[in-house]
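Every number for a ligand or one of its atoms is a count from 1 in the order of the listing.
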Amino acid sequence: MKVAEKEKCTSCGSCYNVCPVNAISMKEDREGFLRPAIDERLCTNCGLCSKVCPEVSNYEAKGFKKPTVYAAWNLDEAVRINSSSGGIFSVLSDYILEQGGVVFGAAFDEKLKVKHIPVFRKEELYKLRGSKYVQSEINNSFSQVREYLDENKKVLFSGTPCQVAGLLSFLGKDPPNLLTCDFVCHGVLSPKVFVGYLRYLGQENNSKVTKIYFRDKRFGWDNFSVHVTFKNNKEYTVSPRKDKFFRGFAMSVYLRPSCSICRYAKIPRVGDISLGDFWGIGEEQKFTYNTHDGVSMVLINSTKGEDIFDLCRDRCFIKQRELKEAVKNNAHLSLPSKASKYRTIFFSIFNRKGFAAASKKYSGNGIIKRIVTKIVGSKIIKIIEWGRFMLFKKT
Ligand SMILES: Cc1cc2nc3c(=O)[nH]c(=O)nc-3n(C[C@H](O)[C@H](O)[C@H](O)COP(=O)(O)OP(=O)(O)OC[C@H]3O[C@@H](n4cnc5c(N)ncnc54)[C@H](O)[C@@H]3O)c2cc1C
């Protein structure tokens with residue numbers, strides 16, 4: 001049977017979920033990304049895996065050509081601060097849970113593996129809050145979504161655009177009780193590299209990492225830090241520019257290969273609602289409100305999305321903005337991330353010597369950088385690096 005070619009496969013899991021004889025398993029490749037493996041002894045050639053694969057069928061997004069755009073945030077200040085952007089994901093989740101529904105999203109498990117899980121109560125929503133950046137395992141969530149829909153429950157499914165495309169393709173329809181929420185996506189990181197990074201942090205700090213938060217907003221949404229907690233209660237807070245893992249993410253060193261040819265980094269969108277950070281708000285068009293704790297960019301892509309967002313209005317601060325402002329400040333609304341020139345060498349060293357050695361390739365003070373620093377001075381280098389990081393936010 002046919003599933004997507006290696007470079008195109010997004011690991012959405014639609015083939016794994018649809019196989020009626022469990023002939024498909026998701027196996028880790030040498031870069032640490034999951035890929036479907038078909039057991040030919042079990043396969044009955046029914047063709048369902050090819051039918052539901054969004055990359056084989058060239059799944060096309062059906063969202064509005066001109067989505068309505070809002071800058072928005074959750075009026076619950078504590079939730080806003082604990083969310084990556086403005087906490088609008090939690091606004092939508094609260095609404096669905098109040099209707100007796102289920103919310104699917106990505107959470108860390110006890111070993112810090114990122115997996116999609118269902119959440120049934122508001123008290124559990126904290127598990128899904130915050131961007132994890134590592135590719136999440138879908139496992140059997142699509143089949144679970146179908147079961148809850150069959151029970152007539154409302155379901156909110158949130159994930160990368162390719163995961164949302166996978167779910168819709170698996171269902172073969174867009175049921176009225178399902179709300180899909182994608183986000184503007186820079187791309188997802190290798191889970192194996194993340195394990196390597198956690199090991200490296202553990203060795204450096206003589207203790208195991210117990211918690212990691214990539215978007216600590218204590219110093220502001222626009223000035224977030226990476227925050228890590230260790231078993232011995234030690235804490236590590238660092239600017240994303242200085243954290244080796246986040247830096248590799250920003251430079252697209254270990255993104256999934258399909259992320260660099262992503263077909264969903266555009267408008268129209270796949271989900272009913274798209275969320276992102278409203279980077280650069282106010283640069284073009286005046287915005288006089290306090291953005292310190294985070295601003296979500298909300299794109300309404302369907303009538304269903306519009307109706308549900310309308311019902312959530314009283315829980316949010318909302319201002320309508322121009323589509324061109326959103327697109328100008330968030331490159332992944334029009335193009336995917338370009339893979340780093342360090343990608344191949346990184347994986348070659350990583351697989352032999354681990355994260356610390358491999359990350360030197362893109363984050364170390366190489367000889368050229370040392371010479372340039374001596375000539376122009378470290379302050380100027382710092383300003384250049386800051387400028388490059390700010391540019392990443394837009395790309
Ligand atoms: C891999 C990745 C890349 C992103 N790239 C960009 C970008 O380039 N530009 C931009 O503006 N925004 C980007 N975002 C989106 C942004 O970081 C916020 O997730 C989004 O704005 C929602 O924020 P929030 O404050 O509403 O809620 P939050 O509570 O912060 O959102 C959490 C939501 O994100 C989902 N999520 C978290 N990690 C993952 C994961 N690994 N896989 C799938 N779903 C996950 C959760 O399930 C939950 O639904 C990215 C997010 C991720 C996970």
**Message:** Just verifying a value: how many Å separate Asp293 CG and Arg218 CZ, rounded to the nearest 0.5 Å?
**Reply:** 13.0 Å
**Prompt:** Does NZ or CZ of Lys62 come closer than 6.0 Å to the centre of the six-membered ring of Tyr59, within 45° of the ring's axis?
**Reply:** yes
**Request:** Please confirm whether Ala106 comes within less than 3.5 Å of ligand 1 when only nitrogen or oxygen atoms on both sides are compared.
**Result:** yes
**Message:** Polar contacts were defined as any N/O atom of the residue lying under 3.5 Å from an N/O atom of the ligand; does this apply to Gln163 and ligand 1?
**Reply:** no
**Prompt:** In ligand 1, which numbered atoms sit nearer than 4.0 Å to a non-hydrogen atom of Gly105?
**Reply:** 47 (O)
**Request:** From the options Ile138, Val134, Leu333, Val114, select the one whose nearest heavy atom is closest to atom 41 (N) of ligand 1.
**Result:** Val134
**Request:** Give the cluster check for Tyr362 versus Val134: same hydrophobic cluster or not, with ILVMFWY residues linked at side-chain heavy-atom distances below 4.5 Å.
**Result:** yes
**Request:** With heavy atoms only and a cut-off of under 4.0 Å, state how Arg215 meets ligand 1: side chain, backbone, both or neither.
**Result:** side chain
**Message:** Tell me the contacting part of Phe89 for ligand 1: side chain, backbone, both, or neither, using a 4.0 Å heavy-atom threshold, strictly below.
**Reply:** both
**Asked** Considering only heavy atoms from C-beta outward, does the side chain of Val145 approach that of Leu167 to under 4.5 Å?
**Response** yes
**Heavy atom of Arg80, distance to ligand 1 below 4.0 Å** = no
**Message:** Distance under 4.0 Å to a non-hydrogen atom of Gly86: what atoms of ligand 1 satisfy this?
**Reply:** 25 (O)
**Prompt:** Would one find more than 12 heavy atoms of other residues, nucleotides or ligands at under 6.0 Å from atom CD of Glu5?
**Reply:** no
**Message:** If you take the nearest heavy atom of each of Val91, Asp182, Leu128, Leu189, which one is closest to atom 46 (C) of ligand 1?
**Reply:** Leu128
**Fill in**
Paired with Phe245, the ring pair (Phe, Tyr, Trp, His ring centres under 6.0 Å) test is passed by just one of Phe346, Tyr197, Tyr236, namely Tyr197
**Prompt:** How about Lys192: does its NZ atom have over 12 heavy atoms from other parts shown lying under 6.0 Å from it?
**Reply:** yes
**Prompt:** Mind checking whether Phe183 has an N or O less than 3.5 Å away from an N or O of ligand 1?
**Reply:** no
**Message:** Checking the N or O distance criterion of under 3.5 Å, is ligand 1 in contact with Arg129?
**Reply:** no
**Prompt:** Should you measure from each heavy atom of Ile88, which atoms of ligand 1 turn up under 4.0 Å away?
**Reply:** 26 (O)
**Message:** Are Leu255 and Phe194 connected into the same hydrophobic cluster when the rule is that any two of I, L, V, M, F, W, Y join if their side-chain heavy atoms are below 4.5 Å apart?
**Reply:** yes
**Item:** Contact (N/O only, under 3.5 Å) between Gly130 and ligand 1
**Value:** yes
**Message:** For ligand 1 and Asp277, I'd like to know whether there is a polar contact (N/O to N/O, distance under 3.5 Å).
**Reply:** yes
**Item:** Arg35 atom CZ: more than 12 heavy-atom contacts under 6.0 Å
**Value:** yes
**Request:** Taking atom OH of Tyr289 as the centre, report whether more than 12 heavy atoms of other residues, nucleotides or ligands fall under 6.0 Å from it.
**Result:** no
**Asked** N/O of Thr160 under 3.5 Å from N/O of ligand 1, yes or no?
**Response** no
**Request:** Check whether any N or O atom of His332, backbone or side chain, sits under 3.5 Å from an N or O atom of ligand 1, and answer yes or no.
**Result:** no
**Prompt:** Trp221 and Trp279: aromatic ring centres closer than 6.0 Å?
**Reply:** yes
**Item:** Winner among Leu275, Val184, Leu92, Asn74 once heavy atoms are compared against atom 6 (C) of ligand 1
**Value:** Val184
**Prompt:** Purely on distance, is any nitrogen or oxygen of His186 under 3.5 Å from one on ligand 1?
**Reply:** yes
**Message:** Would Cys181 count as a contact residue for ligand 1, given that I'm defining contact as a non-hydrogen atom of the residue lying under 4.0 Å from a ligand atom?
**Reply:** no
**Prompt:** Among Phe246, Phe214, Tyr213, whose ring pair (Phe, Tyr, Trp, His ring centres under 6.0 Å) with Phe224 holds?
**Reply:** Phe246
**Asked** Polar-atom distance check: Trp279 versus ligand 1, any N or O pair below 3.5 Å?
**Response** no
